[in-house]
Amino acid sequence: MLNLILLEDEAVLRHELTEFLGDCGYRVSAVADLAAFHACYAPAVHRIAIIDLGLPDGEGMVLVRALRAQGQPIGIVVFTARGATQDKVNGLGGGADYYLPKSADLDELAATLGALARRLGAPPAAAPPSTAWVLELGPRRLLPPGCGAIALSQQDVTVLHALMAEPERIVSRQQIVQSLGEDFLTYDQRRLDTQISRLRRKAEQAAGLALPINTARNAGYRFFADAEVRP
């Protein structure tokens, strides 16, 4: 994991950023003011610093310039509420590698840190684990997030394919039955209910997870989680 030091005086934002960056694969040292930064910062450990500018005990740009004057091999991202063009020019001119306003999306911050890590020759942070349920058609198996594969019958695969091809959309009973190659008018609806129950039981027994399928009363079923279908 790449070590990063975060200097942010707003407690709520500091907590949110610490959690987000941890999920992105960074080991975060979070501090609230300049004094705490100087007490915590270790040049041999921290490869990147995210620095706010308006701090309770001083000015963040003074710290940025000091780090550059010391020749510290650290990547610096200024993350601040000051978003004017001249503020950005001053920040980049003062030694920041990147200058982002706090209005920026957190995904942009993550992408910026990744680009900076590559420039520094540091290994990129590990991507957050996938939360998607993956259906593999050829091997006939279901991969729950973070768990091993669950073997499926061809009928299991057909039903899940109908549901997971368009997650969050209600798939009618008629569509599912037709995907099974059956005549909806003569098909015993209890067979479909049993099929769904069996799939739920498989997921619970094999992975300890609830299969994310909702029953839409008198309409059909809905797969309500991230889903991916692979050949």
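Side chains included, hydrogens not; waters and symmetry mates left out as well; all remaining heavy atoms used. Index from 1, following the sequence. Remember, predicted model here, so these are calculated numbers, not experimental data.
A 6.0 Å sphere centred on NZ of K88 holds no more than 12 heavy atoms belonging to other residues, nucleotides or ligands. More than 12 heavy atoms of other residues, nucleotides or ligands shown are found within 6.0 angstrom of NE2 on H38.
Counting only heavy atoms from C-beta outward, the side chains of L63 and L55 never approach each other to under 4.5 Å. Side-chain contact between L106 and L17 is present, with heavy atoms from C-beta onward closer than 4.5 Å. Two residues are said to be in side-chain contact when any heavy atoms from C-beta on lie closer than 4.5 Å; V89 and Q86 meet this criterion. Using a 4.5 Å heavy-atom cutoff, the side chains of L113 and C24 are not in contact. Annotation: side chain of V159 is not in contact with side chain of Y221 (no heavy-atom distance under 4.5 Å). With contacts defined as side-chain heavy-atom distances shorter than 4.5 Å, the pair R82/M61 does not qualify. For the pair F224 and E168, the minimum side-chain heavy-atom distance is below 4.5 Å. In this structure the side chain of I76 reaches within 4.5 angstrom of the side chain of R68, judged on heavy atoms.
In the hydrophobic clustering of this structure, F79 does not group with I5; members are Ile, Leu, Val, Met, Phe, Trp, Tyr whose side-chain heavy atoms approach within less than 4.5 Å, directly or through other members. Criterion: ILVMFWY side-chain heavy atoms under 4.5 Å apart, direct or through other members. Under it, L13 and Y98 are part of a common hydrophobic cluster. Hydrophobic clustering (side-chain heavy atoms under 4.5 Å, transitive across Ile, Leu, Val, Met, Phe, Trp, Tyr) keeps I50 apart from V78. Two different hydrophobic clusters hold V31 and L2 under the rule that ILVMFWY side chains link at heavy-atom gaps under 4.5 Å. Following chains of ILVMFWY side-chain contacts shorter than 4.5 Å, one cannot reach L100 starting from L92, and the two form parts of different hydrophobic clusters.
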Point to revise | Test log, rule side chain to side chain contact (heavy atoms under 4.5 Å, CB included), inputs Y187 and I176 | key: CA-CA 11 Å; Y187 185 81; I176 299 173; over 6 Å; no
Exercise for review: Check the pair L137 / H161 against side chain to side chain contact (heavy atoms under 4.5 Å, CB included), numbers first and verdict last.
Suggested key: CA-CA 8 Å; L137 302 178; H161 190 197; 4.1 Å; yes
Exercise for review: Dump the intermediate steps for side chain to side chain contact (heavy atoms under 4.5 Å, CB included) on L7 and L34, then the final yes or no.
Suggested key: CA-CA 8 Å; L7 174 52; L34 290 170; 4.0 Å; yes
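Between the side chain of E136 and the backbone N or O of G138 there is no donor-acceptor pair closer than 3.5 Å. At distances below 3.5 Å, at least one donor-acceptor pair connects side-chain atoms of R200 with backbone N or O atoms of I213. Counting only distance, with no hydrogens or angles, the side chain of D57 and the backbone of A35 share a donor-acceptor pair below 3.5 Å. Remark: side-chain polar atoms of D193 are not paired, donor with acceptor, to backbone N or O of R190 under 3.5 angstrom.
Taken from CD in E8 to CZ in F37, the straight-line distance is 13.5 Å, to the nearest 0.5 Å. To the nearest 0.5 angstrom, E10 atom CD is 9.5 Å from R14 atom CZ. Here the CD atom belonging to Q195 is positioned 4.5 Å from the CD atom belonging to Q155, to the nearest 0.5 angstrom.
Tested against I196, the residues L160, L211, L163 include a single side-chain contact (heavy atoms from CB on, under 4.5 Å) partner, L163. Across L143, L152, D156, a single residue satisfies side-chain contact (heavy atoms from CB on, under 4.5 Å) together with L135, and that is L152.
Ring pair H46/Y41 is parallel by interplanar angle, where below 30° counts as parallel and above 60° as perpendicular.
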